[in-house]
Peer 1: 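Attaching a single structure in C-alpha cells format; questions to follow.
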Amino acid sequence: MITMDDIIREGHPTLRKRAEEVSLPASNEEKKILQKMVEYLIHSQDEETAEKYGLRPGVGLAAPQINVSKRMIAVRTHDHNDELIELGLYNPKIVSHSVETTYLEGGEGCLSVDRMVEGEVPRYARIKVKATTLEGDEITLRLKGFAAIVFQHEIDHLNGIMFYDRIEGNDPHKQSLPPKEVM
Ligand SMILES: O=CN(O)C[C@@H](CC1CCCC1)C(=O)N1NCCC[C@H]1C(=O)Nc1ccccn1
Ligand code: NI
C-alpha cells in the first residue's frame with residue numbers, strides 16, 4: 001500500500017517535471033500503480049486506517065507525488081450533487097473552462113508540502129475534463145465547485161505546477177532581478 005513514505009516532498013525534482021502521457025491501453029504496471037493511488041485516498045479517508053498507518057487524508061493524488069512521472073491521477077471526493085467521485089484517470093485534460101474563477105476558502109494544501117502556505121489559489125469555477133478511466137473507458141466530466149478545484153490541483157501536478165505558484169504575487173515567471181541602476 002502507498003504510505004506517506006512513498007510521497008515525495010517539495011524540492012524533489014519530479015514535482016517540477018511535465019509528466020509523460022500514458023500510451024493506452026495501460027500496462028499492468030501502470031494499472032497497478034493507479035489502483036494503489038485510488039486505494040491511498042480510500043485508506044486516508046478512513047479514520048482508523050489513516051490513524052493506523054499515519055496517512056494524511058487526501059481527496060486527490062497525482063502520480064508525480066509518488067515519483068512516477070506519468071499523467072495519472074486519482075480523485076476521491078463528492079461533486080456538487082454530493083455524489084461520490086472515486087476515479088483513477090489516465091491523461092486527464094481540461095478541454096474547456098469558465099472565464100469565472102473561484103478559490104478554496106482558507107487556501108490549499110498539498111501532501112507534498114509540509115508547511116502552511118497562505119493565500120487564495122485562483123481556479124476556474126467550471127471545467128470540462130476528458131480522460132480515460134482505470135477501466136479503459138474514455139469519459140467527459142463537467143465539474144464545478146470543490147471537485148473542479150481538486151481536478152485542477154491534480155492536473156497542475158502533471159505539469160510541474162504547485163498550488164502556491166498560483167498565489168498572487170508568487171508569479172514564477174517573474175524572476176527577481178537586481179534593481180536597475182538609477183539613470
Ligand atoms: O495533489 C494532491 N494532494 O496534494 C492532496 C490534496 C489535494 C487537495 C488540496 C486542495 C484541493 C485538492 C489534499 O487532499 N489535501 N491537501 C493537504 C491537506 C489535506 C488534504 C485536503 O485538502 N483535504 C480536504 C480539503 C478540503 C475539504 C476536504 N478535504
Ligand atoms: Ni498536491
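Counting starts at 1 for both ligands and their atoms, in listed order.
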Peer 1: Which residue and non-hydrogen atom of the protein lie closest to atom 18 (C) of ligand 1, and at what distance in Å?
Peer 2: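 Heavy-atom neighbour on the protein nearest atom 18 (C) of ligand 1: R56 NH2, 3.6 Å.
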
Peer 1: Distance check, rounded to the nearest 0.5 Å: R71 atom CZ versus Y90 atom OH?
Peer 2: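 It is 15.0 Å, given to the nearest 0.5 Å.
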
Peer 1: Nearest 0.5 Å please: distance from the CG atom of L141 over to the CG atom of L87.
Peer 2: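 Nearest 0.5 Å value for the CG-CG distance: 6.0 Å.
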
Peer 1: Enumerate the atoms of ligand 1 whose separation from the nearest heavy atom of G58 is less than 4.0 angstrom.
Peer 2: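 Counting atoms of ligand 1 from 1, those under 4.0 Å from G58 are 14 (O).
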
Peer 1: For ligand 1, which atoms, with element, lie under 4.0 Å from some heavy atom of G109?
Peer 2: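 Answer for ligand 1: 9 (C), 16 (N), 17 (C).
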
Peer 1: Side chains of K17 and S69: is there a donor and an acceptor less than 3.5 Å apart?
Peer 2: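 No, no side-chain donor-acceptor contact under 3.5 Å.
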
Peer 1: Report the part of F146 in contact with ligand 1, treating N, CA, C, O as backbone and CB onward as side chain, heavy atoms under 4.0 Å; options are side chain, backbone, both, neither.
Peer 2: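 Only the side chain of F146 comes within reach of ligand 1.
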
Peer 1: For E138, check side chain to side chain contact (heavy atoms under 4.5 Å, CB included) against everything at least two apart and list the hits.
Peer 2: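 By the side chain to side chain contact (heavy atoms under 4.5 Å, CB included) rule, E138 matches T132.
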
Peer 1: Applying salt bridge (Lys or Arg N to Asp or Glu O under 4.0 Å) between R123 and each of E154, E100, E108, report the one that passes.
Peer 2: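 In the set E154, E100, E108, the residue that makes a salt bridge (Lys or Arg N to Asp or Glu O under 4.0 Å) with R123 is E108.
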
Peer 1: Counting non-hydrogen protein atoms only, what is the nearest one to atom 2 (C) of ligand 1? Give residue, atom name and distance.
Peer 2: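 The closest heavy atom on the protein side is E154 OE2, 3.0 Å.
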
Peer 1: Please determine if R76 forms a cation-pi arrangement with Y40, meaning its NZ or CZ atom is less than 6.0 Å from the six-membered ring centre and no more than 45° off the ring axis.
Peer 2: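 Judged by the rule, R76 and Y40 form no cation-pi pair.
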
Peer 1: When you compare ligand 1 with L111, is there at least one nitrogen or oxygen pair between them that comes in under 3.5 angstrom?
Peer 2: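 So ligand 1 has an N or O lying under 3.5 Å from an N or O of L111.
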
Peer 1: Are P122 and E168 packed together at the side-chain level, in the sense that at least one heavy-atom pair is separated by less than 4.5 angstrom?
Peer 2: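 SC-SC contact between P122 and E168 ruled out.
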
Peer 1: For atom 3 (N) of ligand 1, which protein heavy atom lies nearest, and how many Å away is it?
Peer 2: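 Of every protein heavy atom, G60 O, 3.5 Å lies nearest to atom 3 (N) of ligand 1.
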
Peer 1: Rounded at 0.5 Å granularity, tell me how far CD in Q35 sits from CG in N28.
Peer 2: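 These two atoms lie 12.5 Å from each other.
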
Peer 1: Drop me the distance from I85's CD1 to F151's CZ, to the nearest 0.5 angstrom.
Peer 2: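 Here the rounded value is 5.5 Å.
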
Peer 1: Looking only at protein heavy atoms, which one is nearest to atom 20 (C) of ligand 1, and how far off is it?
Peer 2: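 Ranked first by proximity to atom 20 (C) of ligand 1 is P57 O, 3.3 Å.
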
Peer 1: Is the shortest side-chain N to carboxylate O distance from E21 to K70 below 4.0 Å?
Peer 2: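 Judged by the 4.0 Å cut-off on N to carboxylate O distance, E21 and K70 do not form a salt bridge.
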
Peer 1: Closer than 4.0 Å and a protein heavy atom, does any atom meet both conditions relative to atom 22 (O) of ligand 1?
Peer 2: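 Under 4.0 Å from atom 22 (O) of ligand 1, zero protein heavy atoms found.
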
Peer 1: Which protein N, O or S atoms lie under 2.8 Å from the Ni ion (ligand 2)?
Peer 2: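 Hits for the Ni ion (ligand 2) below 2.8 Å: C110 SG, H153 NE2, H157 NE2.
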
Peer 1: Could you identify the single nearest non-hydrogen protein atom to atom 8 (C) of ligand 1 and state the distance to 0.1 Å?
Peer 2: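 Looking only at protein heavy atoms, the one closest to atom 8 (C) of ligand 1 is V59 CG2, 3.8 Å.
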
Peer 1: Rounded to the nearest 0.5 Å, what separates atom CG in L55 from atom CD1 in I2?
Peer 2: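 That separation rounds to 10.0 Å.
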
Peer 1: Between R166 and D156, is the closest basic N to carboxylate O distance under 4.0 Å?
Peer 2: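 Counted as a salt bridge, because a side-chain N and a carboxylate O are separated by less than 4.0 Å.
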
Peer 1: Considering both backbone and side-chain atoms of E108, is one of its nitrogen or oxygen atoms within less than 3.5 Å of a nitrogen or oxygen in ligand 1?
Peer 2: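 Such a contact does not occur with ligand 1.
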
Peer 1: Is it the case that ligand 1 has an N or O less than 3.5 angstrom from some N or O of S112?
Peer 2: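 In this structure, S112 places no N or O atom under 3.5 Å from an N or O of ligand 1.
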
